Amino acid sequence: MVTEAPQRPLTGILWMLVTGLHFIAVTALVKYMGPRLPAAESAFLRYAIGLVFLLPALGALRQTNLSRRQWSLFGLRGFCHALGVILWFYAMTRIPIAEVTAMNYLAPIYVTLGAAVFLGEKLAARRIAAVCLGLMGAAIILRPGFREVSLGHLAMLFAAVVFAGSYLLAKVLADEVRPAVVVAMLSIFVTLALAPFALPVWVTPTLREVLLLTAVAVFATAGHYTMTLAFAAAPVTVTQPITFLQLLWATSLGVLAFNEPVDIWVIVGGFVILGSVTFITWREAMLKRQITPNANATKL
């Protein structure tokens, strides 16, 4: 008889707080590094360096027999995620941190739409309303016609779409393959997919840039690990609201470290999106389906 692990809400909240700090550190390091290296190269180096963290998963990979279809899905997911990472690196060095953070939360909204279109998930009226609310939050942030919508903003809009595609494919694969294999194959295929984009624009990185990208890989990996610990300790409905703090931390970081002005409409739009994501996550938990990923999952 399998005994369900006891819930520890406070522990889950604490681990999610630590997760948020890890991901904010990733954001700060990429912003600090600046745009000297092309976005594709920065993304490639981050994932290539991160391959060292796959060593514990080599045993599971060797024991896994994948079908041709599964190989194809892993390849498609790697391409989608690689494109999202390139766009994220591009946006991070060109628009304020708070705007990147707020728009990053659009991915779960797109996942909800994609699950309805591609996986046959039903969209009840309340979920449709939540999706519309999330898109309204994006409109509040961008305010087309009232402010300049830069290439960085467009990059983040499209990044959320391809990240959503990546997580929909992850849902399909997670039903067939062990989680450790899904995570390891993502890192391998993203690295392979990034190489053709990185090599034509290659700029020799400095030691400083290599060290910064190594730190990015470390914090990103640690963030995903502590997020897993948070999910193991408490339900997503408990840990999801903690992600609201990341927008506040990102805004504070932009002001204090990078002299970025506070845009009240970005804060308002971000909270509208996060409220929508939280409602969708709560509905998924109530329906026991867990299609929509936690908003943190769109991070590197």
Side-chain angles (χ1 to χ4, degrees), residues 1-29 50 53 56-57 97-98 100-109 111-112 126-127 130 133-134 137 163 167 170-171 174 178-180 182-183 215-257 267-300:
M1 179 177 178
V2 178
T3 303
E4 186 177 349
Q7 297 296 309
R8 294 166 291 142
L10 183 58
T11 300
I13 289 171
L14 290 174
W15 278 125
M16 191 55 74
L17 285 171
V18 174
T19 298
L21 292 174
H22 281 142
F23 288 141
I24 288 297
V26 169
T27 300
L29 289 167
F53 299 111
I97 292 175
V100 172
T101 303
M103 295 175 68
N104 207 37
Y105 286 94
L106 285 171
I109 306 293
V111 168
T112 299
R126 283 176 289 188
R127 292 178 71 189
L133 189 65
F163 275 137
Y167 295 119
K171 165 60 182 173
R178 283 179 291 178
V182 174
V183 173
V216 167
V218 170
F219 278 113
T221 302
H224 284 291
Y225 178 69
T226 55
M227 184 168 62
T228 302
L229 293 178
F231 292 162
V236 175
T237 49
V238 172
T239 58
Q240 175 69 43
I242 305 305
T243 63
F244 280 70
L245 292 174
Q246 286 194 41
L247 182 57
L248 299 180
W249 291 338
T251 302
S252 300
L253 178 67
V255 171
L256 298 175
I267 304 300
V268 172
F271 275 106
V272 169
I273 295 173
L274 286 169
S276 170
V277 171
T278 299
F279 176 78
I280 291 173
T281 303
W282 175 78
R283 285 292 298 164
E284 295 298 343
M286 294 299 100
L287 296 173
K288 304 292 186 183
R289 281 192 249 157
Q290 301 298 326
I291 291 287
T292 305
N294 179 271
N296 279 319
T298 58
K299 285 294 185 184
L300 301 174

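Numbering starts at 1 and runs along the sequence shown. Bear in mind that the values here come from a model prediction, so they are computed numbers and not experimental data.
The line from CG of L229 to CE of M16 is 10.0 Å long, rounded to the nearest 0.5 Å. Taken from CG in L17 to CH2 in W249, the straight-line distance is 5.0 Å, to the nearest 0.5 Å. Considering CD1 of I97 and CG of N104, their distance stands at 12.5 Å, rounded to 0.5 Å. Atoms CG and OG1, on L14 and T19 in that order, are 10.5 Å from each other to the nearest 0.5 Å. Of the inter-residue distances, the one linking I24 atom CD1 with L29 atom CG reads 11.0 Å to the nearest 0.5 angstrom.
Side-chain contact between V100 and T27 is absent, with no heavy atoms from C-beta onward closer than 4.5 Å. Using a 4.5 Å cut-off on side-chain heavy atoms (C-beta onward), T101 and F23 make no contact.
Heavy atoms only, all atoms of each residue included: G134 and I109 are closest at CA-CD1, 4.2 Å. In terms of heavy-atom proximity, L247 sits nearest to A102 at CD1-CB, 3.9 Å. The two residues G12 and A230 make their nearest non-hydrogen contact at O-CB, 3.5 Å. For the residue pair A98 and T251, the shortest heavy atom distance occurs at CB-OG1, 3.5 Å. In plain terms, the two heavy atoms of V26 and A220 that are nearest each other are CG2-N, 3.6 Å.
F219 and H22 have tilted rings, their planes meeting at an angle from 30° to 60° on a 0 to 90° scale.
S276 places no side-chain N or O within 3.5 Å of a backbone atom of V272 that could act as its donor or acceptor partner.
Counting heavy-atom neighbours within 6.0 Å of F53 CZ, excluding the residue itself, gives a total above 12.
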